[in-house]
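Structure first, then comments.
When a ligand or atom number is given, it counts from 1 through the structure's own listing order.
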Amino acid sequence: MTNDVNKKPVLVTGGCGFVGRHLVNKLIKKGNSVWIVDNLFTGWHPDKWLRGYDRKEDGNLIKYTKNGIEITFIEADALDFFLDEIKSRPKIKLPAFSDVYHLASIVGGRALIDGDPIQVATDLAIDSLFFVWATRNKEKIERVMYTSSSAAYPIHLQSESNTVALAENLIRFDHGMGLPDMTYGWSKLSGEYLARFAAKHYGMHVACVRPFSGYGEDQDTSYPVPAIASRIAKRENPMTVWGTGEQGRDFVHIDDCIEAMFIVLDKISDGSGINIGTGKLLSFNEIIRTFAKIEKYEPSIKQLLDKPVGVQARHAHPEKIFSLGWKPEISLEDGLTRVLNYAKENKTFEV
Ligand SMILES: NC(=O)c1ccc[n+]([C@@H]2O[C@H](COP(=O)([O-])OP(=O)(O)OC[C@H]3O[C@@H](n4cnc5c(N)ncnc54)[C@H](O)[C@@H]3O)[C@@H](O)[C@H]2O)c1
């Protein structure tokens with residue numbers, strides 16, 4: 001069943017974060033009511049981005065309504081929320097859900113992933129409690145999406161001397177495993193492993209996505225694209241870059257990323273993970289140069305060699321996602337122009 005015709009609400013954990021806000025926005029446009037569980041660790045309170053809705057506080061919930069659509073916000077830590085559910089001491093009576101998108105996660109840019117790996121490992125606990133809850137409530141859930149990441153791929157395939165377009169079959173749970181990217185990558189790998197069990201052992205419809213570098217207008221400036229945009233907006237010269245700037249990533253605009261998530265959930269049900277990437281490897285220096293071209297100036301680039309940089313080159317083999325009928329609609333130039341305009345105007349993201 002697709003979202004368009006299913007009128008049971010959708011649950012989005014981490015729905016106040018960057019990906020979550022865009023996902024909720026698109027779900028609303030498709031006519032879905034949505035429940036959000038988020039502890040606002042990095043997420044934005046819905047009061048900031050749900051405008052023009054009737055707002056009513058009801059115990060531990062805030063309900064926002066407009067045109068027959070209801071958004072229910074539960075401000076809670078996913079750890080407490082799912083543990084209370086599992087221990088049969090729920091604080092809130094949940095409805096049956098059509099789709100459940102599990103996004104809640106400690107993510108962050110390189111500074112957090114490299115700088116506080118044990119805090120990031122909280123994700124292991126969030127994901128395991130989530131899947132215990134989901135499998136115990138499988139009769140009340142039609143489909144589950146687990147947001148994995150390209151960070152789950154073995155890092156030895158992303159080095160200067162060995163750069164491989166990362167295809168799905170480079171992660172094989174029945175075979176030897178390569179080392180993923182820090183505890184963040186481990187949590188995504190183990191989350192995918194649980195997703196497979198939920199599908200195969202418990203008979204649930206589950207899909208995983210492995211987004212590469214999602215970017216967009218309202219992304220936190222601890223991520224490279226909005227950080228670079230804010231400095232380009234001030235026409236900084238020289239422009240600083242972490243490391244040599246020759247590290248490469250596969251950049252996908254968030255709007256394209258969300259469309260891919262919908263397609264994957266419609267077409268994948270066995271818990272397997274699908275890349276969301278364009279297949280194009282672009283360095284941070286190229287991102288700076290593209291921004292500078294849009295802004296029509298020519299800054300010099302100053303390297304900050306003491307900063308964390310992560311792997312040298314990470315890009316998708318996009319054949320699988322292309323074969324499912326997705327292709328990116330937003331060119332890099334258009335996407336970066338949007339981010340730059342947003343940085344200049346300091347607009348507020350609204351649903
Ligand atoms: N943005 C990308 O390019 C990208 C790439 C690959 C994977 N992902 C995955 O997509 C998901 C969303 O990422 P994002 O970029 O929107 O990050 P984000 O930090 O903006 O969003 C994460 C959300 O989870 C919430 N959260 C964190 N810990 C929580 C907890 N214990 N309980 C409840 N809520 C909690 C945060 O408050 C935030 O709203 C994550 O699972 C991430 O791993 C994102």
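By the 3.5 Å distance cut-off applied to N or O atoms, Ser213 is not counted among the residues near ligand 1. Inclusion of Pro211 in the set of residues having an N or O under 3.5 Å from an N or O of ligand 1 is not warranted. Backbone and side-chain nitrogen or oxygen atoms of Val37 are examined, and none is located within less than 3.5 angstrom of a nitrogen or oxygen of ligand 1. Checked against a 3.5 angstrom limit, the closest N/O atoms of Tyr223 and ligand 1 fall outside it. Among the atoms of Ser149, none of the N or O lies under 3.5 angstrom from an N or O of ligand 1.
Using a non-hydrogen distance threshold of 4.0 Å, Leu79 does not register as a contact of ligand 1. The shell of residues lying under 4.0 angstrom from ligand 1, judged by heavy atoms, includes Phe212. Using a 4.0 Å cutoff on heavy atoms, Trp44 does not count as a contact of ligand 1. Distances from ligand 1 to the non-hydrogen atoms of Gly15 include no value under 4.0 Å. Taking a 4.0 Å cut-off on heavy atoms, His102 fails to register as neighbouring ligand 1.
Contacts between Ala151 and ligand 1, counted as non-hydrogen atom pairs separated by less than 4.0 Å, are absent for every part of the residue.
Between Leu40 and Cys16 there is a side-chain heavy-atom pair separated by less than 4.5 Å. Side-chain contact check for His253 versus Tyr215: some heavy-atom pair is nearer than 4.5 Å.
Cation-pi geometry between Arg110 and Trp242 is not met: the NZ or CZ atom fails to fall both under 6.0 Å from the ring centre and inside 45° of the normal.
By the 4.0 Å N-to-carboxylate-O rule, Asp123 lies too far from Lys188 to be salt-bridged with it.
Among Asn39, Asp127, Asp220, Asp80, the residue whose heavy atom sits closest to atom 28 (N) of ligand 1 is Asn39. The nearest non-hydrogen atom to atom 36 (C) of ligand 1, considering only Leu23, Ile36, Thr42, comes from Thr42.
Side-chain contact annotation: Arg231 with Thr240, donor-acceptor N/O pair under 3.5 Å present.
Ring geometry, Trp133 versus Phe82: the interplanar angle falls from 30° to 60°, so the pair is classed tilted. Using the six-membered ring where Trp is involved, Phe130 and His102 have ring planes that are parallel, under 30° apart on the 30 and 60° scheme.
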